[in-house]
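Each ligand, and each atom within it, is numbered from 1 in the order the structure gives.
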Amino acid sequence: MRTALSIAGSDSSGGAGIQADLKTMTMNGVFAMSALTALTAQNTTGVTAVMEVTPQFLQNQIDAVFEDIRPDAVKIGMVASSELIRTIAQRLRAYEAANIVVDPVMAATSGARLIKEEAIETLKEELLPLATVVTPNIPEAEILSGETIHNEDGMVAAAIKISEMYHCAVLCKGGHSVNDANDLLYVDGKARWFTGRRIATSNTHGTGCTLSSAIASNLAKGFDLETSVQRAKDYISRALSANLDLGKGSGPMNHAFDLSGEFAKEAE
Ligand SMILES: Nc1ncnc2c1ncn2[C@@H]1O[C@H](COP(=O)(O)OP(=O)(O)OP(=O)(O)O)[C@@H](O)[C@H]1O
Ligand SMILES: Cc1ncc(CO)c(N)n1
């Protein structure tokens with residue numbers, strides 16, 4: 001069985017963070033492992049507290065995983081501080097980890113900040129160069145590129161700039177666009193759109209975590225990047241369409257929509 005590691009924060013309400021990653025990886029047919037960067041006290045309405053792990057404890061978790069069950073892919077989510085970011089980059093370089101998906105998490109769907117301001121520069125310098133693909137939403141792509149995005153041309157321009165600065169593929173997600181939920185992949189000098197009808201729901205808590213974990217799972221199973229993004233896009237669209245409605249705010253998705261195991265299939 002192929003394996004994937006999520007390095008991310010815990011969401012006590014189960015919709016985002018490590019919990020979304022483990023559910024997504026399991027439904028996408030890989031064995032899911034985790035290294036926690038932080039605990040959050042969080043629900044569908046907001047984040048009330050954050051407790052970071054120490055860099056040493058994060059390193060211990062990553063080492064424990066790599067020295068026993070080497071992951072075929074790694075997804076990186078919420079990492080709040082420069083010290084933790086440096087620890088991750090150093091360990092991933094030491095293990096020559098492959099298939100690294102970086103979700104540059106900056107805020108929760110509810111708006112709460114999940115990265116310290118000064119850590120954004122460290123994330124750019126340390127993690128983006130290691131990424132097979134980085135998956136910013138529109139506000140994150142604006143921060144990473146330094147460009148304002150007004151429309152789909154703006155998404156392409158920002159993705160090109162990030163890709164050229166940090167030598168990685170970029171998937172600029174269109175969940176925050178006013179139009180359809182179209183995501184733009186820029187890889188090897190080519191732009192490709194992954195289109196998605198906007199689903200009328202406010203229950204989008206954890207969509208970014210889910211998409212990045214689904215991409216990592218498909219890379220772990222041997223699919224190429226474009227196929228992995230397409231399969232992840234299909235997965236998120238189906239999970240959103242399953243219309244779960246929990247909590248008082250922006251609710252989580254239902255991952256148990258695919259009991260046929262269609263999404264768990266491996267590459268031929
Ligand atoms: N209402 C929607 N209908 C269909 N697809 C959506 C919708 N909202 C988001 N998506 C899709 O979900 C994925 C995640 O995109 P989004 O831009 O919401 O990420 P994010 O802001 O990082 O998520 P998060 O809410 O976890 O922070 C993308 O593929 C996006 O197109
Ligand atoms: C722990 C955690 N990671 C990521 C997100 C982004 O949705 C969140 N809300 N919580």
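Those atoms of ligand 2 with a heavy atom of G9 less than 4.0 angstrom away are 1 (C). With ligand atoms numbered from 1 in the order given, ligand 1 contributes 29 (O) to contacts under 4.0 Å with heavy atoms of L211. Set against the non-hydrogen atoms of N137, the atoms of ligand 1 under 4.0 Å away are 17 (O), 20 (P), 21 (O), 22 (O). Every atom of ligand 1 with a heavy atom of G206 under 4.0 Å away is listed here by number and element: 26 (O). Which parts of ligand 1 touch K233 is read off a 4.0 Å heavy-atom cut-off, strictly below it: atoms 29 (O), 30 (C), 31 (O). In the vicinity of R197, heavy-atom distances shorter than 4.0 Å reach the ligand 1 atoms 3 (N), 4 (C). Each of the atoms 9 (N) of ligand 2 lies under 4.0 Å from some heavy atom of A108. The atoms of ligand 1 that sit less than 4.0 Å from any heavy atom of K173 are 14 (C), 15 (O), 17 (O), 19 (O), 20 (P), 22 (O).
For the residues C209, S13, G77, the heavy atom positioned nearest atom 4 (C) of ligand 2 is part of C209. The closest non-hydrogen atom to atom 10 (N) of ligand 1, taken over I215, T204, D180, L240, comes from L240. The nearest non-hydrogen atom to atom 5 (C) of ligand 2, considering only L114, L39, D11, comes from L114.
When hydrogens are left out, the protein atom nearest atom 26 (O) of ligand 1 is G208 N, 2.9 Å; that is the closest non-hydrogen contact. Closest to atom 3 (N) of ligand 1, if we only count protein heavy atoms, is I199 N, 2.8 Å. Scanning the protein for heavy atoms near atom 27 (O) of ligand 1, the closest one is T109 OG1, 3.9 Å. The protein non-hydrogen atom at the shortest distance from atom 9 (C) of ligand 1 is G175 CA, 3.6 Å. Annotation: atom 9 (N) of ligand 2 to nearest protein heavy atom, Q42 OE1, 2.8 Å. When hydrogens are left out, the protein atom nearest atom 21 (O) of ligand 1 is H176 NE2, 2.6 Å; that is the closest non-hydrogen contact.
In this structure, S10 has a heavy atom closer than 4.0 Å to ligand 2.
Between the side chains of D224 and T227, at least one donor N or O sits under 3.5 Å from an acceptor N or O. In summary, the side chains of S81 and E52 do present a donor paired with an acceptor at a separation below 3.5 Å, with no hydrogens or angles considered. Under 3.5 Å, the side chains of N203 and D245 contain a donor-acceptor pair of N or O atoms. Side-chain contact check for S260 and D258: at least one donor-acceptor pair (N or O, by modelled atom type) lies under 3.5 Å.
A cation-pi geometry, defined here as NZ or CZ lying under 6.0 Å from the six-membered ring centre and within 45° of its normal, does not hold between R238 and F263.
Polar contact check, T40 against ligand 2: no nitrogen or oxygen pair lies under 3.5 Å apart. The distance criterion of under 3.5 Å between nitrogen or oxygen atoms is not met by G174 with respect to ligand 1. Residue contacts with ligand 1: T207 is placed with a nitrogen or oxygen under 3.5 Å of a nitrogen or oxygen of the ligand (distance criterion only). An N or O contact shorter than 3.5 Å is missing between N182 and ligand 1 by distance. Close N/O approach between T201 and ligand 1 is not found [any backbone or side-chain N/O within under 3.5 Å]. The distance criterion of under 3.5 Å between nitrogen or oxygen atoms is met by D183 with respect to ligand 1. Considering backbone and side-chain N/O atoms, A108 never comes within less than 3.5 Å of an N/O atom of ligand 1.
A 6.0 Å sphere centred on CE of M51 holds no more than 12 heavy atoms belonging to other residues, nucleotides or ligands. Dense packing is recorded around CZ of F257, with more than 12 heavy atoms of other residues, nucleotides or ligands lying under 6.0 Å away.
Within the 3.5 Å criterion, the main-chain N or O of A107 finds no donor-acceptor partner in the side chain of R113. Within the 3.5 Å criterion, the main-chain N or O of G174 finds a donor-acceptor partner in the side chain of D183.
Nearest heavy-atom pair, L219 versus S228, reported as atom, atom and distance to 0.1 Å: N-OG, 3.4 Å. Residues S163 and C168 come closest through the heavy atom pair OG-O, 2.9 Å. The shortest heavy-atom contact between A119 and A80 is CB-O, 3.5 Å.
In summary, R86 and E83 do not engage in a salt bridge, as defined by a charged side-chain N under 4.0 Å from a carboxylate O. Salt-bridge annotation for R93 and E126: present, with a side-chain N of the basic residue lying under 4.0 Å from a carboxylate O of the acidic one.
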